Structures are given as C-alpha cells and as structure tokens.
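Notes follow once the structure below has been shown.
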2 protein chains.
Amino acid sequence: MSAVEDRRAALRETLIDAAERRVEADGLASIRARDLAKEAGCSVGAIYNIFDDLDALILAVNLRTFAKMGTEIRQAMAEAGDVPPAQRMIVMANAYLDYASAHPRRWRTLFDFKMSTESDVPEWYLKALGELFELIATPLRELFPEAEPERIDMLTRGLFSSVHGIVLLGVESRISGVPRARLEEMIAFIITAASDATLN
Amino acid sequence: MSAVEDRRAALRETLIDAAERRVEADGLASIRARDLAKEAGCSVGAIYNIFDDLDALILAVNLRTFAKMGTEIRQAMAEAGDVPPAQRMIVMANAYLDYASAHPRRWRTLFDFKMSTESDVPEWYLKALGELFELIATPLRELFPEAEPERIDMLTRGLFSSVHGIVLLGVESRISGVPRARLEEMIAFIITAASDATLN
DNA sequence: CCGACGATATGAACACAGTTCAAAGGAGAC
DNA sequence: GTCTCCTTTGAACTGTGTTCATATCGTCGG
C-alpha cells in the first residue's frame with residue numbers, strides 16, 4: 001500500500017465521482033476526458049494511467065449504478081414485507097421503474113454503453129445481472145414449484161425483458177407522454193397475467 | 001423538376017443506399033462522412049447539401065428499415081391466414097423477432113439513434129410506430145371487445161414493449177446464448193398469458 | 001544532504017470524427 | 001463570349017479520445 005497506490009486509488013474514486021455526477025446530470029455524452037480531468041484536478045493522461053480508456057471508467061460508473069439500483073430494489077421488497085410472490089414481483093418491477101425514472105440518464109447509461117467487442121462483456125456485468133435475475137427467479141419458483149429449472153430461467157428472462165421493455169418505453173418517451181400510472185398498470189398486468197398462466 | 005433537382009434526388013438515393021449497406025454490414029458506427037462520400041462518388045460537402053447532418057441521413061435509413069420491417073410483419077400475418085387474435089399477435093411478434101435477428105445491426109440502429117433534442121422526434125417516426133401499434137391493437141380489440149380505448153392503448157403499448165424487451169435481450173446477447181426457440185417460447189408465453197387474462 | 005535513477009505524471013501533439021465556407025465550377029441569359 | 005447566380009467542392013476548423021516524449025517525483029545509495 002504505497003503512497004503511489006493510495007494516490008491512484010483516491011484519484012480513481014474522484015474520477016468515478018465526477019463521471020457519475022456528469023452522467024446523472026447530462027448523460028453519457030457529457031463524459032469528456034478534458035472536462036473530467038479538470039473537474040478531478042488531474043491531467044488528461046492521468047485518466048489513462050488508471051483506466052484503459054473512457055469506456056472502462058463508464059463501466060465503473062455502471063457498476064455503481066447496478067449496486068445502487070440493486071439496493072433500492074431489495075429495500076423496496078423489504079418494505080413490502082411478506083407478500084405473495086406475484087405481488088413481490090410487482091413491487092420489484094415498480095422499484096425498477098422508480099429507479100429508472102428517478103435517474104433516467106444513469107439508467108440509460110447502463111444500456112447505451114456499447115459492449116464494443118461483443119465478446120468481452122465483463123463477467124461482473126453478467127454477475128450483477130444474474131443477481132437481479134435471481135430476485136425474480138425466487139418468487140417464480142414459488143409460483144411454479146413443478147417447473148423445471150430451464151423453464152424458470154426462461155420465465156425469469158422473459159419477465160425481466162418484458163418489464164425492462166415497458167420501463168424503456170416509459171423512460172424514453174417522457175414526452176410522448178405515457179403517464180406513470182399507465183406504466184405501473186402495464187407492469188402489473190403483465191406480471192399478473194404471467195403469474196396466473198398455466199405452464200402449457 | 002430541374003436537372004439539379006434530379007441530380008440531387010439521385011444522389012440522395014445513392015447516399016441512403018450506401019448508408020444502408022454500411023449499417024447492415026457494420027452498424028451505425030460505420031457511417032462516416034468521408035467514407036460515405038467516397039462510396040457514393042461525391043464530395044463530403046455534397047452530403048450536407050442534401051441532409052442537414054448525418055443524423056438526418058441515418059433517420060432516412062431508419063425510415064426504410066421501418067417500412068421493410070412493416071412489410072415483412074404484414075406479410076407474415078397474411079401468410080398465417082385467418083387465425084385467432086392471440087395467435088395472430090404471436091405471428092406478428094415472431095416476425096418482429098425474425099426481422100431483428102436477420103438484420104440485427106439495422107434493427108439496433110432504429111433505437112441506437114439518439115433523439116438528440118428529445119423534443120424533436122420526427123412525426124413520421126411516431127406515425128410509423130403508430131401503424132405498428134395499430135397492428136397490435138386490432139387483435140386486442142377482438143380479444144377484449146368490452147375494453148375502453150384507453151385500456152386497449154395501454155395493453156398495446158405494454159405488449160409491444162414486452163415483446164420488444166424480449167427481442168432486445170435476444171439480439172443483444174447472441175453470445176450470452178439465449179437460443180432462438182427460447183425467445184419464441186417467451187414471446188408466446190407472454191402473449192398467451194396476456195390474452196387469457198381477465199381485465200380486472 | 002546530495003545525486004542519480006527508475007517510476008510516475010503531464011499535457012502538447014496526434015488521429016480521426018462531423019461540419020463549415022471561401023473558392024472554384026458550371027448552367028443559363030443575353 | 002461573358003456575365004451572373006447557383007451549385008459543388010474539399011481544405012480547414014472544431015472537438016473528440018488517446019498517446020508518448022518529456023518533466024517531475026520519490027527513493028535510496030553514498
């Protein structure tokens with residue numbers, strides 16, 4: 001733990017903080033090496049001493065976003081207390097919607113970010129997504145105790161994707177004006193419909 | 001219809017053709033003014049005589065994509081013949097999935113394109129989306145003849161968003177390996193569940 | 001304390017985008 | 001033929017991310 005490492009670790013945090021603020025305020029496009037360096041009080045080159053490139057920095061911001069979103073979702077579920085599985089999924093989905101509409105630019109950045117070479121999706125990204133999926137799989141297993149794991153996985157991804165799609169539509173087109181209540185209705189409808197379905 | 005106008009119209013087509021080929025082959029990022037000019041056999045400046053900026057050109061490509069996708073979806077529905085409404089929606093959704101997986105980069109470009117100033121979403125964009133929605137609303141009205149228009153609208157957007165989300169997940173993560181059959185299963189499940197649901 | 005050397009940080013310079021605009025080119029009128 | 005006005009051109013400008021020769025710093029032997 002040399003002084004050098006400390007300094008670098010501190011700068012690393014400072015840079016992520018600055019990038020986070022910028023993403024929150026103005027979105028991914030406002031991340032510029034020179035501005036970031038100025039805001040963090042370092043040289044442009046310093047950024048590249050710490051991160052391979054700006055994408056790596058954005059990935060770091062996204063990691064934080066994932067963590068915060070996960071925390072909020074878990075908290076919402078905890079607050080909801082002991083409710084039936086379908087209801088629990090609705091609470092989760094609404095928490096997801098809440099996060100996305102409270103931090104639209106941050107949330108967009110999660111997905112805007114181009115997985116440049118499609119092969120090298122960082123494994124922590126998949127891990128974070130996996131944890132999110134597990135939150136959905138649990139109530140699904142309660143709802144469909146007979147279903148084999150593959151089936152549960154399919155349902156999990158399908159429901160996540162569906163809710164994600166609805167949130168996407170909602171966040172994109174704040175202007176096109178789908179009111180918040182409608183989005184919650186859609187979510188509740190889809191989840192309820194899925195929960196009430198009989199597996200073939 | 002002067003010679004100038006003819007020339008410009010021809011170049012316009014040539015440019016959109018070139019951009020289309022590039023999007024199809026390498027995605028949005030491969031649209032570069034200089035390359036495009038070379039491919040179309042014109043100067044860089046000429047592009048700006050015809051389009052306000054490259055975004056306008058990409059929008060023109062997207063318009064074509066919308067049209068082609070619409071055609072394929074309608075065709076799939078025509079081929080399916082006279083089937084019950086839920087089945088019709090499944091055919092439609094699968095045609096959507098087909099298009100997206102056959103032309104992933106083109107399809108991505110539809111959504112990657114940043115509506116720069118979020119207010120000025122071109123009205124034809126909304127119109128094209130509206131037509132797509134109408135295709136969904138029709139079977140929904142058959143399924144739920146009692147539902148008021150607002151309700152139908154909500155269901156339409158919700159289902160479209162859900163299917164879109166599933167397709168998005170599928171196309172994004174060709175690598176993460178959700179097999180095609182699974183995606184079709186998810187789609188069928190969601191649509192069937194929604195169709196069988198009772199509106200509160 | 002000094003000096004020297006390897007590690008580290010710096011920011012000017014580079015590569016490469018989109019976009020502009022002064023200048024060249026060309027079509028038509030007389 | 002030449003004058004005028006519109007069109008077209010591509011070098012130049014702006015603004016990115018990224019690099020790398022150079023300067024600076026920290027450490028340690030003398």
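All values below were derived from every heavy atom in this structure, side-chain atoms included, with hydrogens, water molecules and symmetry-related copies excluded. These figures come from a predicted structure and were not determined experimentally. Below, chains carry the letters A, B, ... as their sequence lines are ordered, and counting in each starts from 1.
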* Taking atom P of C:dA9 as reference, at what distance in whole Å does atom CG of A:Leu11 sit? -> 8 Å
* **Selected nucleotide, minimal atom distance to B:Leu54 side chain, candidates D:dT19, C:dT19, D:dT7** => C:dT19
* Asked: Looking across every strand, which nucleic acid part, if any, lies under 4.0 Å from B:Ile31 by heavy atom: base, sugar-phosphate, or nothing?
  -> sugar-phosphate
* Among C:dA9, D:dT9, D:dG10, find the nucleotide with the atom closest to the side chain of B:Asn49. => D:dT9
* Whole-Å distance separating the CG atom of B:Leu36 from the P atom of D:dG10 -> 15 Å
* Closest-nucleotide ordering on DNA chain D, the 5'-leading residue of B:Ser43 and A:Gly45 -> B:Ser43
* Can you tell me how far C1' of D:dA12 sits from OH of B:Tyr48, to the nearest Å? -> 14 Å
* Within one Ile-Leu-Val-Met-Phe-Trp-Tyr cluster: B:Val83 and B:Ile136, side-chain cutoff 4.5 Å -> no
* Asked: Which part of the nucleic acid, if any, lies within reach of B:Leu57 when heavy atoms closer than 4.0 Å are counted: base, sugar-phosphate only, or nothing?
  -> nothing
* To do: Take the protein atom CZ of A:Arg7 and the nucleotide atom C1' of D:dT24, then report the distance between them rounded to whole Å.
  => 11 Å
* Is the CD atom of B:Glu150 crowded by more than 12 outside heavy atoms at less than 6.0 Å? -> no
* What is the distance, rounded to the nearest whole Å, between atom CG of A:Asp52 and atom C1' of D:dT18? -> 12 Å
* If you find the nucleotide of DNA chain D closest to B:Cys42 and the one closest to B:Arg34, which residue's nucleotide is nearer the 5' end? -> B:Cys42
* Rounded to the nearest Å, what distance is computed from the CG atom of residue B:Asp53 to the P atom of nucleotide C:dT20? -> 8 Å
* Asked: Side chains of B:Ser30 and B:Arg22: do they bring a donor and an acceptor to under 3.5 Å?
  -> no
* Round to the nearest Å and state the distance from A:Ile50 atom CD1 to D:dT18 atom P. => 15 Å
* With the side chain of B:Arg32 defined as its heavy atoms from C-beta on, choose the nearest nucleotide among D:dA11, C:dG18, D:dT7. => C:dG18
* Asked: For A:Lys38 and D:dG17, what is the distance between atoms NZ and P respectively, to the nearest whole Å?
  -> 14 Å
* Asked: What's the shortest heavy-atom distance between B:Leu140 and B:Leu159, and which atoms?
  -> CD2-CD1, 4.1 Å
* A:Val44-A:Leu54 co-clustered via ILVMFWY side chain contacts under 4.5 Å -> no
* B:Arg8 side chain, from C-beta outward: closest of D:dT7, C:dA9, C:dG18 -> D:dT7
* Asked: For the side chain of A:Val44, counting heavy atoms from C-beta on, which of C:dT19, D:dT18, D:dT8 is nearest?
  -> D:dT18
